[in-house]
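As structure tokens, the structure follows; a few thoughts come after it.
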Amino acid sequence: MVDFKTIEEKWQTRWSQEKVFEPQIDKSKPKFYITVAFPYLSGHLHVGHARTYTIPDVIARFKRMQGYNVLFPMAWHITGAPIVGIAERIKHRDPQTIYVYKEVYKVPEDILWSFEDPKNIVKYFMKAAKETFIKAGFGVDWSREFHTTSLFPPFSKFIEWQFLTLKEKGLVVKGAHRVRWDPIVGTALGDHDIMEGEDVPILEYVLIKFVLKDGERIYLPAATLRAETVYGVTNMWLNPEATYVKAKIKSGDKEEIWVISKEAAYKLSFQDKEIEIIEEFKGEKLIGRWVENPVTGDEIIILPAEFVDPDNATGVVMSVPAHAPFDHVAIEDLKKNTEILMKYDIDPRILEEMSYISLISLEGYGEFPAVEEVEKLGVKDQKDIEKLEQATKTIYKEEFHKGVFKIEPYKGMKVSEVKERIAKDMKEKGTADMMYEFADKKVISRFGNRAVVKILHDQWFIDYGNPEWKEKAREALEDMKIFPESRRNQFKAVIEWLDKKACARKIGLGTPLPWDKEWVIESLSDSTIYMAYYTISRTINRLREENLLNPEKLTPELFDYIFLMKFDEEKERELSEKTGISREVIREMKEEFEYWYPLDWRCSAKDLIPNHLTFFIFNHVAIFRKEHWPKGIAVNGFGTLEGQKMSKSKGNVLNFLDAIEENGADVVRLYIMGLAEHDSDFDWRRKEVGKLRKQIERFYDLISEFSSYENKEIEPMDIDKWMLHRLNVAIKEATAALEEFRTRTAVQWAFYNILNDLRWYLRRTEGRDDEAKRATLRKLAEVWVRLMAPFTPHIAEELWEKLGGEGFVSLTKWPEPVPEWWNETIELEESYIKGLIDDIKEIISVARLENARRAYIYTAEEWKWRVAELVAEKRDFKASMGEVMKDPEMRKRGKEVSKLIQKLIKDRAFDFKRIDEEKALKQAKDFIESEIGLEIIINPDEDKGGKKRQAMPMKPAVFIE
RNA sequence: GCGGGGGUUGCCGAGCCUGGUCAAAGGCGGUGGACUCAAGAUCCACUCCCGCAGGGGUUCGAGGGUUCAAAUCCCUCCCCCCGCACCA
């Protein structure tokens, strides 16, 4: 058994000792700069992460072998609240957290308790992550390692510079923002902070202020998601049993009296409104009163409806029976229920005479779609909630997408457009307000309290909604490569809908906002341009080690020069004086940046497209010159474990490090790279990994064996030529795949296909042990090891050494197809032989010729070849026939010729290349015989079984007896 | 709801952009065989249906359409996955 572990450690040590992956500026070489989203270290990396980080390493290794000067750096992300939260939970001995860290991440107990301090969590997992990456064989330039937040001051200064720059450009703004809020604890709630209902969306209700005449001006704000239907209101609904309040509502300098449900008053108090309750009463008090529609001026009556939920929005509902199923059904119910009408002293004629107002024309429906839909579904009454909701959904959807509005001044517009227009117009006139509400009531914080929607003020935003900025982002995307290309649309869409993004919060680790230190820059905002920091990071680290760096001296002016300006000695002198950093060192940083930037590739998993990766584009175009805009993004999918989603809380996680310990880094790398491609997901199956390990051992053994052979220049036999030709194909295809980050295809060519071809070759050459074969295998070994080097670098180094290769395989030249090795003809001959063997086997099985002794093979006669070639050229029956018949020899067998042409046309056998069938057969005779266990007779004079005439080019006739 | 991506032969998963050479790569699983005392590993063959001569038939979410020809192009419908932000 191959000792992977020893081999891996041996080469990891050598790489590190010889600084193989710490590139220096080298202007004689093209540079290649690739980065991957740094990990957030709240735990160990698992096998899903392995994919994300192995891809750039493979690509980096590939490019390095192609002769590029490659920079592949790494750093650690510790910004944000989760790590602090974990420390908190450890402190409180939260069992779930302790389970995860003790059992899943296997943190030793004495260290575990030190996690009460978040700094210790960070320290522990940074160390572990680095160890993991080293053991995985990643060719990372560790001289540039750093981590985020104020715990690493130089980087913090860099982030300060970024934010000052953005602010100067007017891209950081202050404003209000709605958040989920725990009203008891008094904190904003992120997804992690929510126990139940984390996926409940927040809806924006329009509150249309109907006017209740009662001496004073009282508003009854009806909440709706369909503001356009205000034109079709026939009445109002209140729940007679619910508690409503009359309250003074102060909003800004406006003060009004509203009637809303008690719950609504509470909720609105979090949404920029001061509420002073004047009176509390049951809904029934207002039933039968009249209000004025603020848009149409209509006088309408307030009617009772039990479907009205006081705990949804304002608890005041306007009734649009033509287009809202609930409203229509409630009216029908009322008509039948004279008792209630009597109770509230409502004249039944009001209902009888009520006429529905049709607002929207909708194909497939008449004037009142809601009525039709209700009838269609057979809704009984307003208690028939399920069907009513179904009907509402259908009508809403249909009208929104296909409906055309019929009322002036919006006549002829699509409902989807009118909706927003009307709401906007009403808000401007002051006849409408708005309210945020959860789409579902059950949103519970992890503190066990029911959440509300709160409007936060003084929040800092990055204004991704800025139109000029968006335009620049589009422009950058246009010039970028995106792998897979199919993801480009998503980037485009994200750029379009991205708007103000809160960029700071009050808790968690991070860099304080330079102008407002109470706020800490959050994690998606301090991770957008750090690729530029890597270029100067080595220098900074060196200064730190030599104790020559005072981070405070890393001023915006310095960063401006390094990242934004042209080379300028005068400026360098000036900065040197100001910062105490020598001019040479400033120069060095500037040169590093100018040499490595722009970034060639940014890699990450696909979940970061809607945020990090797009922010990355935005921030680059905002800050850097166009020549420094990023050039490409490659996204990858996730991983599952034996078909199950990995979940640390369930303990269903395979740590990257454990996988390496179990299987060896090379096996893990090759397995993951060969398992899926681009953005598709992979599934880790233990059994398959085990199998692959065996195959890699086989690879190791084979190459080891071949390494003892000599690469003599000896005239190869045809099958040797075939092998070399196939090797050329593998080189070409693997290279093409890697250029596009298609790792799975690359592995298929670089590993499996060569393995299969080699298997065939060894079978074909069984019993042969001559110089030509040995030379062929030796050549194969030298190519194969290099093709495998990006995927299985340790074993490749080991084998490269055995082969006597110079230096590291990691630094040797990537193979290119050898022009003399190309040989299409031999490839065709080989597949011809293979096809023939398959044919014979099929004949034997179908005809059940168990006792066959001999197979007679007849190759196509010369004239058939000539016809085939002609047909391949003409690709048309008439043209071919006409041409062939010019030949008197052919005319003699006119009928046969015409049949042949017909068949060739039908089979579309148009890309014939001529091979010497008889020669190929003779050379492979022994092999064919041993494969099928019959004696082979090639082109005998006697036409056995009358089969001879069936022979076609590339498909010989066969008779078996 | 909005936005993005998908539905392929037992399963996973290529191919579809650039229609034909696609019954459709590869892997897994299954069956049979070689090897072995045996197991494992390895190797070989088969794995939609039919077929006593290398052939034929029916397939690529459903239904239409374009075409001499569609898994591949167009339309309609159904279903699945992911994101919708202050959270890494």
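Just so we're on the same page: letters track the sequence lines, and every chain starts at 1.
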Requested in this report: Could you tell me whether the side chains of His612(A) and Asp607(A) share a donor-acceptor contact shorter than 3.5 Å?
Outcome: no
Report summary line: If pairing means Watson-Crick or G-U wobble with both distances under 3.5 Å, then the partner of C77(B) is G61(B)
Report task. Report yes or no: do Thr149(A) and Thr79(A) form a side-chain donor-acceptor pair below 3.5 Å? Result -> no
Report task. Flag the pair Lys414(A) and Glu399(A) as a salt bridge only when some basic side-chain nitrogen lies within less than 4.0 angstrom of an acidic carboxylate oxygen. Result -> no
Requested in this report: May I ask you to decide if the ring planes of Phe699(A) and Phe751(A) are parallel, tilted or perpendicular, using 30° and 60° as cut-offs?
Outcome: perpendicular
Report, one pair per line, the protein and nucleotides 2-5 of chain B atoms (nitrogen or oxygen only) whose separation is under 3.5 Å.
{"from": "C2(B)", "atom 1": "OP1", "to": "His401(A)", "atom 2": "ND1", "distance (Å)": "3.4"}
{"from": "C2(B)", "atom 1": "OP1", "to": "His401(A)", "atom 2": "NE2", "distance (Å)": "2.7"}
{"from": "G5(B)", "atom 1": "OP1", "to": "Asn489(A)", "atom 2": "ND2", "distance (Å)": "3.2"}

Report summary line: pair_partner(U18(B)), Watson-Crick or wobble, both distances < 3.5 Å, evaluates to none
Report task. Verify whether the ring centers belonging to Tyr436(A) and Phe270(A) lie closer than 6.0 Å. Result -> no
Query raised in the report: For Thr511(A) and Asp526(A), does a side-chain donor sit closer than 3.5 Å to a side-chain acceptor?
Result: no
Report task. Using the C1' atom as the reference point in each nucleotide, state the distance between G13(B) and U18(B) in Å, no decimals. Result -> 22 Å
**Report entry** Distance, C1' atom - from U47(B) to G20(B), rounded to whole angstrom
**Finding:** 27 Å
Report summary line: A correct 5'-to-3' footprint of nucleotides 25-31 of chain B, with B, S and - meaning base, sugar-phosphate only and no protein heavy atom under 4.0 Å, is BB-SS--
Query raised in the report: Regarding Gln950(A) and Tyr858(A), is there a side-chain donor-to-acceptor distance under 3.5 Å anywhere?
Result: no
Report task. Could you state the atom-to-atom distance from NE2 of His678(A) to P of C82(B) in whole Å? Result -> 22 Å
Report task. Answer with base, sugar-phosphate or nothing: what part of the nucleic acid does Ile83(A) contact at a heavy-atom distance below 4.0 Å? Result -> nothing
Query raised in the report: If we take the C1' atom in both G61(B) and C81(B), what is their distance in whole Å?
Result: 15 Å
Query raised in the report: Is the centre of the Phe615(A) ring less than 6.0 Å from the centre of the Tyr464(A) ring?
Result: yes
**Report entry** Distance, P atom - from G63(B) to C78(B), rounded to whole angstrom
**Finding:** 15 Å
Query raised in the report: Once you round it to whole Å, what is the distance between C1' of A45(B) and CD of Glu931(A)?
Result: 10 Å
What protein N or O atoms touch nucleotides 47-51 of chain B N or O atoms at under 3.5 angstrom, if any, and at what distances?
none

Report task. Would you kindly check if the NZ (Lys) or CZ (Arg) of Arg726(A) is within the cone defined by 45 degrees around the ring axis of Tyr761(A) and under 6.0 Å from the six-membered ring centre? Result -> no
Report task. Write down the distance separating the C1' atoms in G7(B) and C12(B), rounded off to the nearest Å. Result -> 14 Å
Query raised in the report: So what does Ile840(A) hit on the nucleic acid, given a heavy-atom distance under 4.0 Å: a base, only sugar-phosphate, or nothing?
Result: nothing
Query - Earlier contact from the 5' end, RNA chain B, for Tyr464(A) and Leu755(A) - result: Leu755(A)
Query raised in the report: With a non-hydrogen cut-off below 4.0 angstrom, is Arg180(A) in contact with a base, only sugar-phosphate, or nothing?
Result: sugar-phosphate
Report summary line: Between NZ of Lys841(A) and C1' of G33(B) the distance, given in whole Å, is 11 Å
Query - Pairing nucleotide - C35(B), Watson-Crick or G-U, each distance under 3.5 Å - result: none
Report summary line: Scanning both residues in full, the closest heavy-atom pair of Phe927(A) with Arg763(A) reads CE1-O, 3.8 Å
Requested in this report: Under 4.0 Å between any heavy atoms, over every strand shown, what does Pro39(A) touch: base, sugar-phosphate, or nothing? Just pick one.
Outcome: nothing
Requested in this report: Return the 5'-most residue of the pair Cys503(A), Tyr396(A) with respect to RNA chain B, ranking by each residue's nearest nucleotide.
Outcome: Tyr396(A)
Report task. For A23(B) and G1(B), measure between their P atoms and round to the nearest Å. Result -> 40 Å
Report task. May I ask you to say what Ala188(A) touches in the nucleic acid, namely base, sugar-phosphate or nothing, with a heavy-atom cut-off under 4.0 Å? Result -> nothing
Query raised in the report: Looking only at side chains, do Glu830(A) and Trp760(A) share a donor and an acceptor under 3.5 Å apart?
Result: yes
Report summary line: If pairing means Watson-Crick or G-U wobble with both distances under 3.5 Å, then the partner of C28(B) is G10(B)
Query raised in the report: Do the two ring centres, one from His678(A) and one from Phe741(A), sit under 6.0 Å apart?
Result: no
Query raised in the report: Should G55(B) form a Watson-Crick or G-U wobble pair with both distances under 3.5 Å, which nucleotide is its partner?
Result: C50(B)
Query raised in the report: In whole Å, what is the span from the CD1 atom of Ile833(A) to the P atom of G54(B)?
Result: 21 Å
**Report entry** Pairing partner of G1(B) (Watson-Crick or G-U wobble, both distances under 3.5 Å)
**Finding:** C84(B)
Query raised in the report: Contact class for Lys419(A) (heavy atom, under 4.0 Å): base, sugar-phosphate, or nothing?
Result: nothing
Query raised in the report: Judged by modelled atom types alone, do Arg487(A) and Gln490(A) share a side-chain donor-acceptor pair under 3.5 Å?
Result: yes
Query - P-based separation of A34(B) from A39(B) [nearest Å] - result: 12 Å
Query raised in the report: Taking only N and O in the side chain of Arg178(A), is any of them less than 4.0 Å away from OP1 or OP2 of C86(B)?
Result: no
Report task. Compute the ring centroids of Trp684(A) and Tyr671(A), then answer whether they are less than 6.0 Å apart. Result -> yes
Requested in this report: With heavy atoms under 4.0 Å as the rule, sort Leu524(A) into base, sugar-phosphate or nothing.
Outcome: base
Query raised in the report: Given atom CG of Asp701(A) and atom C1' of U42(B), what is their separation to the nearest angstrom?
Result: 12 Å
Query raised in the report: When the C1' atoms of G40(B) and G19(B) are considered, how many whole Å apart are they?
Result: 48 Å
Query raised in the report: How many Å lie between CD on Glu399(A) and C1' on G1(B), as a whole number?
Result: 15 Å
Query raised in the report: Atom CD of Glu485(A) to atom P of U18(B): distance rounded to whole Å?
Result: 13 Å
